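Below is one structure, written out as structure tokens; the observations come after it.
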Amino acid sequence: TGAIVWTSPRPSDELTYDDQRPLLIVGGTLIVGSNLLRLTGLDPATGLERWRLTNNRSIDEPMAGDGSHLYAVNTDLELEAVDASNGTLAWVVKPAGQVGYGFAPYPAVSATTVYVNSLAGYWAMRK
């Protein structure tokens, strides 16, 4: 119907309005990326913050997910896996042997594998 269910204010420390904020639902959590070195998990029913991961690199491109984890390429061009229930960084992978290059920001996910591409080719990694 287009009826507004809730609204959530932007973070108070955001100084400009050009912050890219990709959204993705994973395992019952609305995950919000940002240019501002943080990833936030919100309750999709209320908009209340559940967790915030602030020690990661910016994630401001499309993200992928499965029932429990978010998979995204950060601004250092590394692939991150984050537990959607609590915001814990599960693992980070940088493509080996690619000095000055990294992954492209468009991961895909299957039941057992995360796929990502780079200038060197395509990569498949076990979850």
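This structure is a prediction, so every number in the text was calculated from the model and none was measured. When reading the values below, keep in mind they use all heavy atoms of this one structure, side chains included, and skip hydrogens, waters and symmetry mates. The first residue of the sequence shown is numbered 1, and numbering continues consecutively from there.
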Fill in: Nearest atoms (heavy-atom pairs only) where Val73 meets Ala104
CG2-O, 3.2 Å
Worksheet item: So, do Tyr115 and Trp123 have ring centers that fall under 6.0 Å from each other?
Response: no
Worksheet entry | Steps toward side-chain contact (heavy atoms from CB on, under 4.5 Å) verdict (Leu37, Thr54) | CA-CA 6 Å; Leu37 304 179; Thr54 57; over 6 Å; no
Item to complete: Determine the minimum heavy-atom distance between Arg21 and Arg38, stating which atoms define it.
Response: NH2-NH2, 4.3 Å
Worksheet item: Can Leu24 and Leu70 be said to form a side-chain contact (heavy atoms from CB on, under 4.5 Å), step by step?
Response: CA-CA 8 Å; Leu24 183 68; Leu70 156 80; 3.8 Å; yes
Discussion item. Using every non-hydrogen atom in the two residues, find where Pro44 and Gly28 come nearest and quote the distance to one decimal.
Written reply: CD-O, 3.3 Å
Worksheet item: Which ILVMFWY residues are connected to Tyr106, directly or by a chain of links, through side-chain heavy atoms under 4.5 Å apart?
Response: none
Worksheet item: In the hydrophobic clustering (ILVMFWY, side-chain contacts below 4.5 Å, transitive), which residues join Val32, or is it alone?
Response: Val5, Trp6, Leu23, Ile25, Leu30, Leu42
Discussion item. Assess the residue pair Val116 and Tyr71 against the criterion (side-chain contact (heavy atoms from CB on, under 4.5 Å)); give the C-alpha distance rounded to whole Å, side-chain angles, the decisive distance to 0.1 Å, and a yes or no.
Written reply: CA-CA 10 Å; Val116 68; Tyr71 304 95; over 6 Å; no
Worksheet entry | Heavy-atom donor-acceptor pair, Thr29 side chain to Ile31 backbone, under 3.5 Å | no
Fill in: Derivation and outcome, side chain to side chain donor-acceptor pair (under 3.5 Å), residues Ser85 and Asp83
CA-CA 6 Å; Ser85 67; Asp83 186 317; 2.6 Å; yes
Discussion item. What's the separation between atom OG1 in Thr40 and atom CZ in Arg52, rounded to the nearest 0.5 Å?
Written reply: 5.0 Å
Worksheet entry | Partner set under side chain to side chain donor-acceptor pair (under 3.5 Å) for Glu61, not counting sequence neighbours | none
Worksheet item: Do Thr88 and Asn86 have side-chain atoms, one donor and one acceptor, less than 3.5 Å apart?
Response: yes
Worksheet item: Between the side chain of Lys94 and the main-chain N/O of Phe103, is any donor-acceptor distance below 3.5 Å?
Response: no
Discussion item. Between Lys127 (side chain only) and Val114 (backbone N and O only), is there a donor and an acceptor less than 3.5 Å apart?
Written reply: no
Discussion item. Using only atom types and a distance under 3.5 Å, with no angle test, would you say the side chain of Trp51 pairs donor to acceptor with the backbone of Ala84?
Written reply: yes
Discussion item. Using 0.5 Å steps for rounding, measure from the OG atom of Ser34 to the CG atom of Asp60.
Written reply: 8.0 Å
Practice prompt. Check for a donor-acceptor pair, side chain of Asn74 on one end and backbone N or O of Glu78 on the other, with a separation under 3.5 Å.
Written response: yes
Practice prompt. Give, for atom OG1 of Thr46 and atom CZ of Arg50, the distance between the pair rounded to the nearest 0.5 Å.
Written response: 7.5 Å
Worksheet item: Rounded to the nearest 0.5 Å, what separation is found between the OG1 atom of Thr1 and the CD1 atom of Ile4?
Response: 10.0 Å
Fill in: N/O donor-acceptor pair under 3.5 Å between Ser58 side chain and Asn35 backbone
yes
Discussion item. Between Val82 and His69, is the side-chain contact (heavy atoms from CB on, under 4.5 Å) condition met? List the steps.
Written reply: CA-CA 5 Å; Val82 176; His69 286 81; 5.9 Å; no
